[in-house]
Amino acid sequence: MSSNSLTSAGASGRTGDKVFSGFALGAGALILLVLFSVATFLVVQAAPTFVANPSEVAGGEGFWKYILPLVLGTVIAAAIALLIATPVSVGVALFISHFAPRRLAQGFGYIIDLLAAIPSVVYGAWGVAFLAPAMAPGYQWLADNAGWFPLFAGPASATGKTILTAGIVLAVMVIPIVTSLSREIFLQTPKLHEEAALALGATRWEMIRMAVFPFGRPGVVSAIMLGLGRALGETMAVALVLSSGPLIASLIRSGNQTIAAEIALNFPEATGLSLSTLIAAGLVLFVITLAVNMLARWIVGRHKEFSGAN
Amino acid sequence: MATATTTIARKRSALTRGQLPSYAPWAVVAAAVILAAAIMALVGFNALGWGVLSAVLFTIGLVTWSAAAEGSRKAKDKLATCLVVGSFLIAVLPLVSVVWIVLVNGLPGLVTPGFLGTSMNGISGLQDNTSVNTGSRVLGGIYHSLMGTLLITLWATVISVPIGLLTSVYLVEYGNDRALARAIRFFVDVMTGIPSIVAGLFAAALFAAISGPGTKTGFVAAVALSVLMIPVVVRSSEEMLKIVPNELREAAYALGVRKWRTILKVVIPTAISGIASGVTLAIARVIGETAPILVTAGFATKINMDVFSGWMSSLPTFIYTQILNPTSPANPGPSVQRAWAAALVLIIMVMLLNLGARLVARFFAPKTGR
């Protein structure tokens, strides 16, 4: 290409500039429009549920009575996932950033990233075929020995398809997300802080507690919240693994249901008002995850100057 | 002679006082493995229990020894090291388990002749019962789902890449720190967190409003996937455009080149490898999505190559329906075999995409150096 073709014709170039910047701006605006229309369309399609006669909505007692157990089920599953995933992820992130041999660290990080690459439906299939049967004897033991505790009240599910199994599968799916974000943050700890701690005679663990954790805390908190957003919205793993039912406190009986799985299981047959109810459930899920994600981004943004995480 | 050895020994002990000898970890490993094997032999042997028990015994042994010989600070350090390494092993365990289970269960189905080349058209419970009763090979395949996945993903890519790339160009080249650019950045971040099923519901609701309720086609699914894909493309392209050195832009401007030509001919070509690898990773992310396709494209057993009309199957929804609603409820075996084989195909596709993204990024790395 000659430089002539690059610099030729001022007028057409100016038009080109305008058209191109217009396209770029339009694409950006389109994204805002899409997010806005996601909310709008969900509200419009969900509206009939809110004004319908309560007895006609699924469950027969109105939308809020229908959605409340689902919200609680979603929160329970996500809470189990985070309780397991948080310590493991922080440990793995520390392992890759501060413990593993420098040469191997990147390879280990890649292995953990592969966990995120496996499709959720495969995790679901794995949960049904392998994890649930493997957990069933454990649940039986819990019911026999800790059955007085409401969370482990029997009779235990014989198939192992419980909310606890679903929570464990969700934890596996959340671990790579929290790990990769935390790892980036731990790696950004100022080298001088770490070396100062070590020079004062701190062991590696004391150095991590004194230099790495205080620096990375806001970043790790927001990583956990992003993982929470994923766990709340995950559909397929729960739909396949959980043998759903009404809301119960016991984690080792079949029962409970999450919003996303409820939608996936019932959507194919839904029409009219039941369809609108499912979309309203999706709207509730959307609002919850939106709030969690915005909070996480806000925390990152607030600490951006000194945590470097974004 | 005897005095010489004692002084050497004393010297070593003076230098290394308060430290475990260098063979300590290996000694504890050996002791832990043997002890765990002994305990497992009493309760009934299994490999996983043996590994876990060895690790626990190793941690207890090393930390106790360290606490006795070195004091509590070093013992805490050893404990933390053991826990951190242990958490990595715990995280790798499910990966190994998933890959192993999919390989073992998926291979028999995958090597069945005709699995990749035929659809599920005409396969009913009857055929499955026959193949179970007579032991003949399992009929039916994933050709329709494979084509569906490829077409839906292709359309999602065609929609997402221009929008995502142009948006990142706007953010880096035009937006800078304006309010609109900041709003777009924030909402793109928020969009990455949209649950996939909500994206599916959005596309379903959008097309219900446009072309009547119950519209389920491959294109609706592609729109749903685009909602998930666009933010990923924007974020990765933005990072790549940002690292293009400003000198390149300034050199082009100094030659009198218009901004839009600079972007098209200088900035994007410099960053193209990173952008391509980001797009590949985005494809890898959406190709395995199940929920949005489930609510937007329905299920199909026939080959449908037209994304604009009719229900369409895809690999993830194929896996889901075969497991949840086996073709023959009395004999779910063939359906489960097909599901695992499809899962194996899907995992291979995703892994290849991930590998491809890394290779692209490595071999066509931005020419920023001199």
Side-chain angles (χ1 to χ4, degrees), chain A residues 3 6-7 13 16-17 20-21 23-25 27-28 30-32 34-35 38 41-42 45 87-88 91-92 94-95 99 108 111-112 114-115 117-123 125-126 128-130 172 175 203-205 226 229 233 235-236 240 260 263-264 267 279 282 285-286 289-290 293-294 297, chain B residues 73-74 76-77 80-81 83-85 87-88 90-92 94-95 97-98 101-102 163 166-167 169-170 174 183-184 186-191 193 195-198 201-202 205-206 209 227 230 255-261 284 288 290-291 294-295 316 319-320 323 339 343 346-347 350-351 354:
Chain A
S3 66
L6 281 171
T7 56
D17 252 355
F20 190 75
S21 68
F23 268 122
L25 180 64
L30 186 67
I31 289 185
L32 295 185
V34 165
L35 199 67
V38 168
F41 273 103
L42 289 182
Q45 296 277 324
V88 174
V92 175
L94 277 179
F95 176 74
F99 283 83
F108 287 144
I111 291 176
I112 296 298
L114 277 185
L115 269 176
I118 293 175
S120 58
V121 69
V122 176
Y123 276 121
W126 172 75
V128 172
F130 173 77
V172 174
I175 284 173
T203 62
R204 183 154 53 179
W205 172 240
L226 290 177
T235 314
M236 280 305 133
L240 278 168
I263 298 171
F267 196 87
I279 291 180
L285 180 64
F286 180 58
T289 49
L290 206 62
N293 279 308
M294 282 168 98
R297 297 293 172 190
Chain B
R73 286 179 56 218
K74 294 224 165 140
K76 258 186 212 158
D77 185 50
T81 309
L83 290 180
V84 162
V85 176
S87 66
F88 178 73
I90 288 174
V92 170
L95 181 71
S97 166
V98 168
I101 296 262
V102 172
I163 296 178
L166 278 172
T167 305
V169 165
Y170 173 76
Y174 294 102
I184 291 175
F186 182 76
F187 281 108
V188 162
D189 277 346
V190 168
M191 245 173 116
S196 58
I197 190 141
V198 172
L201 287 179
F202 158 66
L206 176 73
V227 173
I230 288 172
L255 290 169
V257 182
R258 288 265 165 206
K259 189 167 188 176
W260 68 285
R261 302 214 84 172
T290 320
L294 198 68
V295 299
I319 299 168
Y320 175 73
I323 290 180
L346 191 58
I347 284 198
V350 173
M351 296 285 171
N354 273 285

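Just the heavy atoms: all of them, side chains too, but no hydrogens, waters or symmetry mates, feed the values below. A note on names: the letters A, B, ... follow the listed sequences, proteins ahead of strands, and every chain is numbered from 1. These numbers come from a predicted model, not from an experiment.
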Val98(B) versus chain A, heavy atoms under 4.5 Å apart: side chain, backbone, both or neither?
both
How long is the straight-line distance from CZ of Phe88(B) back to CD1 of Ile175(A), given to the nearest 0.5 Å?
11.5 Å
Tell me every residue that passes side chain to side chain donor-acceptor pair (under 3.5 Å) with Asn354(B), counting only those two or more places apart in sequence or in another chain.
none
Tell me which of these, Phe267(A), Phe130(A), Phe23(A), has more heavy-atom pairs under 4.5 Å with chain B than the rest.
Phe267(A)
Examine whether an atom of Val102(B) lies under 4.5 Å from a heavy atom of chain A, and if so say whether it belongs to the side chain, the backbone or both; otherwise answer neither.
side chain
Which portion of Ile163(B) sits near chain A, non-hydrogen atoms under 4.5 angstrom:
both
Measure the CZ-CG distance between Phe286(A) and Leu201(B) for me, rounded to the nearest 0.5 Å.
11.0 Å
Residue Ile111(A) versus chain B: region with a heavy atom under 4.5 Å
both
Scanning both residues in full, the closest heavy-atom pair of Leu166(B) with Ala27(A) reads CB-CB, 3.5 Å
Which of the residues Leu285(A), Thr203(A), Ile279(A) is involved in the greatest number of heavy-atom pairs with chain B at under 4.5 angstrom?
Thr203(A)
Option that, when pairs with chain A are counted at under 4.5 Å, heavy atom only, ranks first among Ile230(B), Asp189(B), Leu294(B), Ile323(B)
Asp189(B)
Out of Thr235(A), Val34(A), Leu290(A), return the one with the most heavy atom pairs under 4.5 angstrom to chain B.
Thr235(A)
What part of Leu25(A) is in contact with chain B, defined as an atom under 4.5 angstrom from a non-hydrogen atom: side chain, backbone, both or neither?
both
Greatest number of non-hydrogen atom pairs under 4.5 angstrom with chain A, of Leu206(B), Val169(B), Ile90(B), falls to Leu206(B)
Do you know which of Ser196(B), Ala183(B), Ala339(B), Ala91(B) has the most heavy-atom pairs with chain A at a distance under 4.5 angstrom?
Ala91(B)
Greatest number of non-hydrogen atom pairs under 4.5 angstrom with chain B, of Leu42(A), Val92(A), Ile112(A), falls to Val92(A)
Beyond-backbone contact of Trp205(A) with Thr81(B), side-chain heavy atoms, under 4.5 angstrom:
no
Contact origin within Thr289(A) toward chain B - heavy atom pairs under 4.5 Å
side chain
Among all residues two or more places apart in sequence or in another chain, which pass the side chain to side chain donor-acceptor pair (under 3.5 Å) test with Ser21(A)?
none
Contact winner vs chain A - Val227(B), Ile319(B), Leu346(B), Ile184(B), heavy-atom pairs under 4.5 Å
Ile184(B)
Whatever's closer than 4.5 Å to a heavy atom in chain A on Tyr174(B) counts as side chain
Heaviest contributor of heavy-atom pairs below 4.5 Å to chain B, chosen from Ser120(A), Ala129(A), Gly282(A), Ala264(A), is Ala264(A)
If I measure from the heavy atoms of chain B, does Leu32(A) come under 4.5 Å with its side chain, its backbone, both, or neither?
side chain
What's the verdict on side chain to side chain contact (heavy atoms under 4.5 Å, CB included) for Val350(B) and Ile118(A), showing C-alpha distance, side-chain angles and the deciding distance?
CA-CA 7 Å; Val350(B) 173; Ile118(A) 293 175; over 6 Å; no
Identify the heavy atoms of Gln45(A) and Ala205(B) that sit nearest to each other, and give their distance.
CG-CB, 3.4 Å
Part of Tyr123(A) within contact of chain B (heavy atom distance under 4.5 Å):
side chain
Using heavy-atom distances under 4.5 Å, tell me whether Leu226(A) contacts chain B through its side chain, its backbone, both, or neither.
neither
Between Val295(B), Val92(B), Val190(B), which residue shows the highest count of heavy-atom pairs closer than 4.5 Å to chain A?
Val295(B)
Looking at Asp17(A) and Lys259(B), does any basic side-chain N land under 4.0 Å from a carboxylate oxygen?
no
Intermediate values then yes/no, side chain to side chain contact (heavy atoms under 4.5 Å, CB included), Arg261(B) and Phe20(A)
CA-CA 9 Å; Arg261(B) 302 214 84 172; Phe20(A) 190 75; over 6 Å; no
Answer with side chain, backbone, both or neither: which region of Val38(A) has an atom nearer than 4.5 Å to a non-hydrogen atom of chain B?
both
